[in-house]
Amino acid sequence: MVSGSVRFLLPSLLYLILYAYIIGRWGMEVFGLWSLFAAAMSYASLADVGLSQTLLREGGADIDHDKQQQLQLDHAGAVSFYVALTAALAVAGGAAAPLLSDNLSASLSGIYSPGGVAVAMLLTLVGACAKQVAKLDFAVLGALGRNAVGFRVQTVGQLLLLAIAFGLAWLGLPVEGLALGFLASGFYERVKARALLASEEAWPRSGQKVSLRAAVGRVGSMIGRGKYLYASSLGGLIREPLFRWIVTIFYGLAYAGFFEVALRVAKTTREGAVFGFSATFPYFAKLHRQGDKAGLEDLIRWTLAMAIVMGTLPLSVIMIFADPIFHLWLGRADAPLVVSTIALSLWMWMTLLNIPFWYAALASHRDREAALSIWAHAAGIILLVPFVPLIGLSYYGALAVWVVSALATQVFIIFIVARDLGSLALFRKAMLWRLVVSVAIVTLSAAAPFLPAVEPVWRNIGFLAVMAGLYALLILLSREDLLRSVRMLRPLPER
């Protein structure tokens, strides 16, 4: 667990240093442009058309030989599909380049080199293909219980990306450096993941080749089996990038930069608190296959207890101390930056409550409901497109839409899983009290920067003492489940 935390924290720390360097040297507008590429790369790395989730859910050392052969063909077909898709997009982009060049030059006038942005787009596209193919390999490794080795490879890939990004930023090419680092990271992860998968006795290489036509058929079959996983991925691909473009178009690149910094801080805090929870997904899938309803309830309850306790404190600290943290880190604490951080930290806290329910929903093939929940959030973002110019909605209003529509997503999934299990034991009295205390902590934390006071609330000893007391109460209420959660959150054993 300690080494895993280091593997997570080191790249996160380097990102924070890089942010400060780019903002300090080029300002918030260039950083806003840089952040659009960073967001595109992040989603290219994390989101696909549901293919990797299908492999992760259906694979495993306990499946029979015929099923394994079919999954190997699915895997090979998915690889061919991503390569062909990248080639088609590259050709389409090249054909459209003459039409877009004038608009690109006009929009970037005085901010950044249009040629540099065009090169970065091409590098990002090819890097995304390598990342997606590597993700298919990591999904199979995860199904075989090799999550830890996959995490290590991805961590080294992140460090390689950051090293190249730092080097070229120092030479005056921050956007191109980020894109080149992304490409190098993608190729490294693909080569290493392929070698690891080839060494797996439980996944022997079939040696079968898949034609492009067969690959399309295989991908169509996988999407058919997991069409709602595809819909979830599509919704996830739409909501955040669309929101970033809305911010960029209606509020400017500087606000896109504020959003990026705030989201990075909130996500890093949340993921650092619950690092390794993704390793529990194979447990959820296994318990579902075994029909172990009691085991699922226990796993949900224990994981939820750990997520609440481990995530509430750091996210609350970020909300209370946002102003001094940004002054120390960036030398500035603009109001949009502080408010964005509080709003997105609230969203991250909501997702903490959803972790075990989301995994349980996917493991039990409730893909349709998962997709609907994602699209409930995406729909709120899509509605901003006409309403921002129509009613003159402010940036803060757009953030409010993000948080409120996200709440609908979380509540829907929790309700669906509790209904499927046919039990309200998940929400027994002890758990409800933990939720009440946790809600009180995050509510006070979010309101703290806006409370009228002679001195900043983060200097108020009385207020901080109250918050410390509430958190101690949360730990006290959760002590039994926390001890059991430590055992449940161990990764699946490696052979």
Side-chain angles (χ1 to χ4, degrees), residues 5 8-9 12-13 15-16 19 42 240 258-278 303-330 333 336-358 377 396 399-400 402-407 409-411 413-414 431 433-451 456-458 460 463-475 477-478 482 485 489:
S5 298
F8 166 77
L9 290 173
S12 299
L13 177 61
Y15 262 114
L16 298 182
Y19 279 24
S42 176
E240 190 178 312
F258 294 141
F259 182 82
E260 168 65 23
V261 173
L263 185 61
R264 172 67 66 175
V265 169
K267 272 190 174 181
T268 299
T269 304
R270 185 256 195 200
E271 291 170 7
V274 296
F275 179 81
F277 271 48
S278 60
T303 306
L304 180 60
M306 181 68 85
I308 289 174
V309 174
M310 295 186 67
T312 299
L313 177 62
L315 286 170
S316 297
V317 168
I318 289 297
M319 288 189 278
I320 294 171
F321 294 92
D323 189 276
I325 287 173
F326 286 130
H327 270 113
L328 180 64
W329 172 32
L330 302 176
L337 180 56
V338 173
V339 174
S340 298
T341 302
I342 293 171
L344 295 174
S345 294
L346 283 172
W347 174 48
M348 287 292 109
W349 177 80
M350 294 178 199
T351 66
L352 289 176
L353 308 184
N354 207 32
I355 289 174
F357 297 98
W358 180 259
H377 193 192
Y396 301 127
L399 274 177
W402 177 283
V403 174
V404 172
S405 55
L407 179 61
T409 296
Q410 318 304 325
V411 171
I413 285 294
I414 292 172
M431 183 60 71
W433 274 114
R434 295 172 212 170
L435 290 172
V436 168
V437 174
S438 183
V439 168
I441 293 172
V442 297
T443 301
L444 286 172
S445 301
F450 310 105
L451 295 176
V457 72
W458 49 270
N460 190 311
F463 176 82
L464 297 179
V466 170
M467 299 301 292
L470 286 172
Y471 190 72
L473 177 60
L474 181 60
I475 293 176
L477 291 170
S478 308
L482 282 173
S485 295
L489 287 174

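No hydrogens, no waters, no symmetry mates; every other heavy atom, side chains included, goes into these values. Sequence positions, counted from 1, serve as the residue numbers for this chain.
Distance alone, capped at 3.5 Å, places no donor-acceptor pair between the R434 side chain and the A305 backbone. In this structure, the side chain of T351 engages the main chain of M348 through a donor-acceptor pair within 3.5 Å.
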Distance-only criterion, 3.5 Å: show the donor-acceptor pairs between side-chain atoms of residues 312-321 and protein atoms not counting sequence neighbours.
residue : atom : partner : partner atom : Å
T312    : OG1  : I308    : O            : 2.6
T312    : OG1  : W349    : NE1          : 3.4
T312    : OG1  : S438    : OG           : 2.9
S316    : OG   : T312    : O            : 2.7
S316    : OG   : S445    : OG           : 3.4

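Remark: L304 CG to L435 CG distance equals 6.0 Å, nearest 0.5 Å. The line from CZ of F259 to OG1 of T341 is 10.5 Å long, rounded to the nearest 0.5 Å.
The minimum heavy-atom distance between T269 and V265, with the atom names listed, is OG1-O, 2.7 Å. Taking both residues in full, the closest heavy atoms of V403 and A343 are given as CG2-O, 3.5 Å, listed atom of the first, atom of the second, then distance. A pairwise comparison of heavy atoms in V442 and L346 identifies O-CD2, 4.2 Å as the closest pair. Between H377 and W347, the shortest heavy-atom distance links the atoms CE1-NE1, 4.1 Å. When all heavy atoms of I441 and M467 are compared, the pair lying nearest together is O-CE, 3.3 Å.
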Next on the checklist: Could you walk me through whether W402 and L344 satisfy the side chain to side chain contact (heavy atoms under 4.5 Å, CB included) test, starting with their C-alpha distance in whole Å, then the side-chain angles of each, then the deciding distance to 0.1 Å, before giving a yes or no?
Outcome noted: CA-CA 9 Å; W402 177 283; L344 295 174; 4.0 Å; yes

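Contact annotation: the side chain of Y471 approaches that of V309 to within less than 4.5 Å [non-hydrogen atoms, C-beta and beyond]. In this structure, L474 and S478 have side chains that are in contact, with non-hydrogen atoms separated by less than 4.5 Å. A 4.5 Å side-chain heavy-atom check between R270 and I355 finds at least one atom pair inside the cut-off. Side-chain contact between L352 and M310: absent, with no pair of heavy atoms (C-beta onward) separated by less than 4.5 Å. With contacts defined as side-chain heavy-atom distances shorter than 4.5 Å, the pair L330/L337 qualifies.
Taking the six-membered ring where the residue is Trp, W329 and Y19 present parallel rings, their angle staying beneath 30° rather than reaching 60°.
Legend: residues meeting ring pair (Phe, Tyr, Trp, His ring centres under 6.0 Å) with Y15, ordered by chain and number and at least two apart, are absent. Scored by the side-chain contact (heavy atoms from CB on, under 4.5 Å) test, Y396 finds A335, P336, V339, S394 as partners (sequence neighbours excluded).
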